[in-house]
Amino acid sequence: MVAPPTRQTVFGMVVIATVSAQQVDVYLTTVDQKNLAAHSTVSFGKPVPDPTVLTVDTTQHNQVMVGYGAAITDAAAWVLSSSSIRNATMGSLFGPLRDGGIGISFVRVAMGVSDFSRSYASGNITYADTPNDWELEHFSTAHDDSYILPVLRRALQINPSLKIVASPWTAPLWLKTGGGGRCGDYCTTTGCGWTAQYSCPWAKNPGTSGRAGNDGSVGFSCCCVDRTSESMPCGGDNSSTGVGSIGTGTLIDTDQVYSTYANYFARFVSEYARKGVTVDYVTLQNEPGHDGCGTMPCMKLTPGQEGRLAITTAAAFAAAGLGTKILGYDHNWDAPSYPQALLENSTVRAALDGIAWHCYGGSVTAQTPVAVQFPSKEVHMTECSGGTWSGPWGQNFVSNLESLFLGGANNHGQSVILWNMALDENAGPHCQGGSCCTTCRGVVTVPANATNPADITRNVEFYSLAHFAPFIPAGSVRVGARRSGSSSDGLQYAAWTNPMQQTVLVALNPTSQNITFAVTTVQGTAALQYELAPGAASFVWSTVRG
């Protein structure tokens, strides 16, 4: 005999449940922070009339997910490794739900410095800071041995399924031009001192006093005469060795440069693998639309340049027997013409496995036209930071789920990687000046003097991830979810099945009023009715096999 439905109120939700029906785990966060991923259990019961019904269809399969997480920057790795409570902190980030963790499954690392690094001294900028080292004989990842690689290895111990994507903020400076690297640059170092008017023997346009000649190329375009009156090439930032600038410039336009840089990527992936860390993806350049970043590392690449680098890097990976995937673009939603230009070239398209996006401009809907046009290519969100500019806690939480997590999933996204995993109480360490961010926020804040897990601040980013990462690991599939009834209440949602044979539904109420809705499966044999307060709930139940 089936017991009659019982009425329960759980964290602001009215639930119609049948005692003997299928159990559902519910994790609720409300924008007033009275509930932070608070767990309860309810049960499916008999279907009940409701003006709004969400129907989950596990037979409709969409994109396969890769994971959720944040970046282990140099700064984040330092904060985690130097903390006396690092084990507890990392357990809460990477550990499974049963052990109190949120199961982070996808992280990003910088290849060399980013804007969140402790040192920008020569030798720490990239893995090949020795100029003109075309065979990469001095290539070394030794800088990462002391705290970055140990943190990554520990994260992999906690979650062996962890995926990693790596991104460079700049190429080795000797492979770059500086300030564009063209004919008008001054040559000011000792080796390229100007004392009179000279012109290079190969220059199309002669130099003038204090200025270089122009050979018409993008690469070693400046030339000058040293004090012994011997002609010599001069690099883009006015150095006789051709060393560029950390915060400006682009790749020098020669086959040797592109080949060397492609081999640099292959060496990095191979070295990390040798040290126990598999790199699953690389992006070719963090935010390739940026130039003139001052003290912040950056490098501009046009779609043509990035396409050329993609082809060369894919060949280097193949030659080295590497299975690491290559993602293009790695910049904001507001310039979808860039990834479209990459993928419209058939040779570049063959070299790229997908497109990486950032959140700092445009709308998440930009992902869909590119994904529809190129359905075989993966779609990833590889950076989005919160900070003091993000508004009140509740507003930030709603925005994260709207734009990144639910918005991303409903626009073909297969992952969400936030920015810094951890920062200290001063929002650092980070670079100074230029375009450096001094108000960014980590997923967690770990004060330098923290001695107890209670000293950690789990920021809004932590609870945003907590609604997805534990339940939607790699291999999960977004499934169908549709609504009937009014669509004017603002309710947002998405559903998945995971490898643990569970169905996951995340619903967001972005309004200031409670929203009542029902949830049912495509089989239509059971339902739940909820009154959801402003905030979000994740519902997890065993998948019904039809």
Side-chain angles (χ1 to χ4, degrees), residues 11 25-40 67-73 75-108 116 151 154-155 158-159 162 383-401 404-405 416-428 439-472 506 508 534-538:
F11 298 118
D25 289 295
V26 182
Y27 301 84
L28 175 72
T29 295
T30 50
V31 296
D32 60 10
Q33 301 181 67
K34 291 181 179 179
N35 300 283
L36 296 171
H39 177 242
S40 64
Y68 296 89
I72 299 182
T73 57
W78 173 255
V79 168
L80 290 169
S81 67
S82 60
S83 173
S84 63
I85 53 171
R86 57 184 172 274
N87 288 334
T89 305
M90 292 192 67
S92 71
L93 293 166
F94 297 99
L97 197 64
R98 65 179 179 271
D99 294 336
I102 60 171
I104 281 175
S105 55
F106 201 9
V107 299
R108 186 176 184 223
F116 279 83
V151 166
R154 178 58 183 148
I158 299 170
N159 184 358
L162 185 73
E383 185 184 319
C384 192
S385 182
T388 57
W389 67 87
S390 301
W393 197 99
Q395 175 184 316
N396 198 174
F397 178 77
V398 168
S399 176
N400 282 347
L401 267 67
L404 300 177
F405 291 89
V416 175
I417 300 178
L418 303 178
W419 193 206
N420 290 280
M421 186 77 72
L423 293 176
D424 64 20
E425 67 273 25
N426 298 311
T439 55
C440 288
R441 182 174 56 231
V443 173
V444 294
T445 300
V446 184
N449 61 355
T451 58
N452 189 289
D455 297 330
I456 300 170
T457 300
R458 293 168 175 80
N459 295 313
V460 61
E461 292 78 13
F462 181 93
Y463 292 103
S464 301
L465 286 165
H467 278 272
F468 297 84
F471 318 116
I472 310 169
V506 181
L508 170 68
S538 298

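Every heavy atom of this structure was used, including side-chain atoms; hydrogens, water molecules and symmetry mates were not.
- Between the OG atom in Ser538 and the CD1 atom in Ile472 there is a gap of 7.0 Å [rounded to 0.5 Å].
- The closest side-chain heavy-atom distance from Phe471 to Asp25 is not below 4.5 Å.
- Residue Leu401 holds its CG atom at 14.5 Å from OH of Tyr463, rounded to the nearest 0.5 Å.
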Ser40 and Leu28: CA distance, side-chain angles, deciding distance, side chain to side chain contact (heavy atoms under 4.5 Å, CB included) verdict: CA-CA 8 Å; Ser40 64; Leu28 175 72; over 6 Å; no
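- One finds the CG atom of Asp455 at 7.0 Å from the CG atom of Asn449 (value rounded to the nearest 0.5 Å).
- Between Leu423 and Val443 the shortest side-chain heavy-atom distance does not fall below 4.5 Å.
- Across all non-hydrogen atoms, the minimal contact from Ala537 to Val26 is CB-CG1, 4.4 Å.
- Looking only at distances, a side-chain donor or acceptor of Ser464 sits under 3.5 Å from a matching main-chain atom of Val460.
- The closest donor-acceptor contact from the side chain of Asp99 to the backbone of Pro96 lies at 3.5 Å or more, if one exists at all.
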Assess whether side chain to side chain contact (heavy atoms under 4.5 Å, CB included) is satisfied between Val444 and Thr457, documenting all intermediate values. CA-CA 6 Å; Val444 294; Thr457 300; over 6 Å; no
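- Although no hydrogens or angles enter the test, the distance criterion places no donor-acceptor pair under 3.5 Å between the side chain of Ser83 and the main chain of Leu80.
- Without hydrogens or angle criteria, Gln33 side chain to Trp393 main chain gives no donor-acceptor distance under 3.5 Å.
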Passes side chain to side chain contact (heavy atoms under 4.5 Å, CB included), His467 versus Phe397? Steps please. CA-CA 11 Å; His467 278 272; Phe397 178 77; 4.0 Å; yes
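- For Asn426 (side chain) and Gly428 (main-chain N/O), no donor-acceptor pair under 3.5 Å exists by modelled atom type.
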Verify side-chain hydrogen bond (donor to acceptor under 3.5 Å, both in side chains) between Asn35 and Thr29, making sure each step is shown before the conclusion. CA-CA 5 Å; Asn35 300 283; Thr29 295; over 6 Å; no
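- Note that CD1 of Ile72 is 15.0 Å distant from CZ of Phe116, once rounded to the nearest 0.5 Å.
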Between Thr445 and Asn459, does a side-chain hydrogen bond (donor to acceptor under 3.5 Å, both in side chains) hold up when you go through it step by step? CA-CA 7 Å; Thr445 300; Asn459 295 313; 3.0 Å; yes
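- Counted by atom type alone, Arg108 and Asn420 present zero donor-acceptor pairs between their side chains at under 3.5 Å.
- Between Glu461 and Asn396, some side-chain heavy-atom pair lies under the 4.5 Å cut-off.
- Here the CG-CZ distance, from Leu93 to Arg86, works out to 14.5 Å after rounding to the nearest 0.5 Å.
- Considering only heavy atoms from C-beta on, Asp424 stays 4.5 Å or farther from Pro447 through its side chain.
- A ring-centre distance under 6.0 Å is not found for Phe106 and Tyr68.
- For the pair Ser390 (side chain) and Gly386 (backbone), a donor-acceptor distance under 3.5 Å is absent.
- Interatomic distance, Ile85 CD1 to Met90 CE, rounded to the nearest 0.5 Å: 12.5 Å.
- Put simply, the side chain of Ile104 reaches to within 4.5 Å of the side chain of Met421, judged on heavy atoms.
- The shortest distance between side-chain heavy atoms of Leu97 and Tyr27 falls below 4.5 Å.
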Given side chain to side chain contact (heavy atoms under 4.5 Å, CB included), test Asn87 with Arg154 step by step and report yes or no. CA-CA 9 Å; Asn87 288 334; Arg154 178 58 183 148; 4.1 Å; yes
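- Classified by interplanar angle (parallel below 30°, tilted 30° to 60°, perpendicular above 60°), the ring pair Phe405/Phe468 is parallel.
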